[in-house]
Amino acid sequence: EDVENKETWDGLSHKAPYSMAIAHYIMDVLHNPETFVARVAERLSEGGMFSVNNIHANGEHLFWKDTIKAAGLNPSFALDKYHEAKEQGDEFRLVLEKYFTKIEEVILPSPFRYESAEELFERAIDRFPEAKDYLEANRAALMVYFDKLIQKNGEVIIDGSGLFWHCYK
């Protein structure tokens with residue numbers, strides 16, 4: 001069912017209030033996350049918990065900024081993505097604070113392991129689709145740098161993380 005549709009929530013009202021609601025890995029596909037959060041909050045019991053995650057700035061953003069710079073390239077797009085993710089995370093936190101009295105952050109380590117320059121390059125393309133042309137144009141320089149990293153350490157581990165908010169009424 002469409003979780004943004006008012007009729008969906010109206011259909012759940014007869015079962016409310018709920019003691020827990022979980023919305024992991026869906027916030028970035030919603031048209032109006034705040035409306036969704038408000039509807040969840042309306043249907044939670046006092047002391048009920050809403051567990052949710054969303055975009056946030058993490059170690060992977062910083063890895064790419066530092067790595068692209070170390071490869072001799074302009075890391076501005078990676079820095080922009082970091083600031084964008086930080087702003088999105090901060091704005092989402094403010095939305096949660098409107099509807100919940102207590103919010104706990106739970107950070108789960110989410111390391112990414114790469115054993116080849118090609119894998120790293122593909123991750124960079126996936127992570128920065130807006131910079132695909134720039135990355136493709138500088139592929140040779142990146143591959144040389146990625147190969148050096150892998151030869152030095154046998155692999156590259158990017159320290160990403162997942163941020164989950166546990167929100168209580």
Q: Would you list the pairs meeting side-chain hydrogen bond (donor to acceptor under 3.5 Å, both in side chains) in which at least one residue belongs to residues 69-89, sequence neighbours left out?
A: Asn74-Ser76, Lys81-Glu130, Lys86-Asp90
Q: Taking the side chain as everything from C-beta on, heavy atoms only, tell me whether Ile107 gets closer than 4.5 Å to Phe164.
A: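 Contact flag for Ile107/Phe164 side chains = no.
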Q: Flag the pair Pro33 / Met27 as yes when at least one side-chain heavy-atom distance between them is below 4.5 Å, and no otherwise.
A: yes
Q: Could you tell me how the ring of Phe128 sits relative to the ring of Trp64: parallel (under 30°), tilted (30 to 60°) or perpendicular (over 60°)?
A: perpendicular
Q: After noting the C-alpha distance and the side-chain angles of Cys167 and Lys102, does the key distance pass the side chain to side chain contact (heavy atoms under 4.5 Å, CB included) rule?
A: CA-CA 6 Å; Cys167 310; Lys102 179 181 175 187; over 6 Å; no
Q: Which heavy atom in Ser45 sits nearest to a heavy atom in Ser19, and how many Å separate them?
A: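 In terms of heavy atoms, the two residues are closest at OG-CA, 3.6 Å.
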Q: Looking at the rings of Phe92 and Trp165, which for Trp means the six-membered one, are their centres under 6.0 Å apart?
A: yes
Q: Under 4.5 Å between any side-chain heavy atoms of Leu120 and Ile158, yes or no?
A: yes
Q: So which atom in Ala117 and which in Ile150 form the shortest heavy-atom distance, rounded to 0.1 Å?
A: N-CD1, 3.3 Å
Q: Out of curiosity, does Ile22 fall in the hydrophobic cluster containing Leu30 (side-chain heavy atoms, cut-off under 4.5 Å, transitive links)?
A: no
Q: Are any of the side-chain heavy atoms of Phe50 and Tyr18 separated by less than 4.5 Å?
A: no
Q: May I ask you to check whether Phe146 and Phe121 place their ring centres under 6.0 Å from each other?
A: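 Ring-ring flag for Phe121/Phe146: false, centres at least 6.0 Å apart.
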Q: Please list all pairs passing the side-chain hydrogen bond (donor to acceptor under 3.5 Å, both in side chains) test where one or both residues lie in residues 134-150, with sequence neighbours left out.
A: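 Pairs touching residues 134-150 that pass the test: Glu118-Arg139.
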Q: Are the side chains of Leu163 and Asn53 in contact, using a 4.5 Å heavy-atom criterion?
A: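 Heavy-atom side-chain distance check fails, nothing below 4.5 Å.
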Q: From Ser116 OG over to Glu155 CD, what is the distance, rounded to the nearest 0.5 angstrom?
A: 12.0 Å
Q: List the residues meeting salt bridge (charged side-chain N to carboxylate O under 4.0 Å, His left out) with Glu119, not counting sequence neighbours, and say none if there are none.
A: none
Q: Are any non-hydrogen side-chain atoms of His166 and Ile103 less than 4.5 angstrom apart?
A: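 No, side chains not in contact.
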Q: Taking ring-ring contact (aromatic ring centres under 6.0 Å, His included) as the test, write out the residues that go with Phe63, two or more places apart.
A: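 Scan of Phe63 (ring-ring contact (aromatic ring centres under 6.0 Å, His included), adjacent residues dropped) gives none.
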Q: Which atom names give the shortest non-hydrogen contact between Ile157 and Pro111, and what distance separates them?
A: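 Result for this residue pair: CG2-CB, 3.9 Å.
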Q: Can you tell me how far the CG atom of Asp2 sits from the OG1 atom of Thr8, to the nearest 0.5 Å?
A: 5.5 Å
Q: Does the side chain of Phe100 reach to within under 4.5 Å of the side chain of Tyr168, using non-hydrogen atoms?
A: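 Heavy-atom side-chain distance check fails, nothing below 4.5 Å.
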Q: Is it the case that one hydrophobic cluster holds both Leu149 and Leu62, taking links as side-chain heavy atoms less than 4.5 Å apart, direct or via other members?
A: no
Q: Same hydrophobic cluster for Met20 and Val52, using side-chain heavy-atom links shorter than 4.5 Å among ILVMFWY?
A: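 Different hydrophobic clusters.
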Q: Holding to salt bridge (charged side-chain N to carboxylate O under 4.0 Å, His left out), I want the full list of residues that pass it with Lys152, two or more places apart in sequence or in another chain.
A: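 With neighbours one apart ignored, the set is empty.
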Q: So that I can tick it off, tell me whether Arg93 and Glu91 are bridged by a salt bridge, with the cut-off set at under 4.0 angstrom between side-chain N and carboxylate O.
A: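 No, this pair does not count.
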Q: Using modelled atom types only, decide if a donor and an acceptor are shared between the side chain of Lys169 and the backbone of Met49 within a distance under 3.5 Å.
A: no
Q: Working to the nearest 0.5 angstrom, can you tell me the gap between Leu73 CG and Ile68 CD1?
A: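 Answer rounded to 0.5 Å: 7.5 Å.
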Q: Taking the inter-plane angle between the rings of Phe112 and Tyr114 on a 0 to 90° scale, is it parallel (under 30°), tilted (30 to 60°) or perpendicular (over 60°)?
A: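 Phe112 vs Tyr114 ring planes: parallel.
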Q: Do Pro109 and Ser161 have side-chain heavy atoms sitting under 4.5 Å apart?
A: no
Q: How long is the span from the CG atom in Asp133 to the CD1 atom in Ile125, to the nearest 0.5 Å?
A: 8.5 Å
Q: Which pairs, with at least one residue in residues 31-41 and sequence neighbours excluded, count as a side-chain hydrogen bond (donor to acceptor under 3.5 Å, both in side chains)?
A: Glu4-His31, Asn32-Thr35, Glu34-Lys98, Glu34-Tyr99
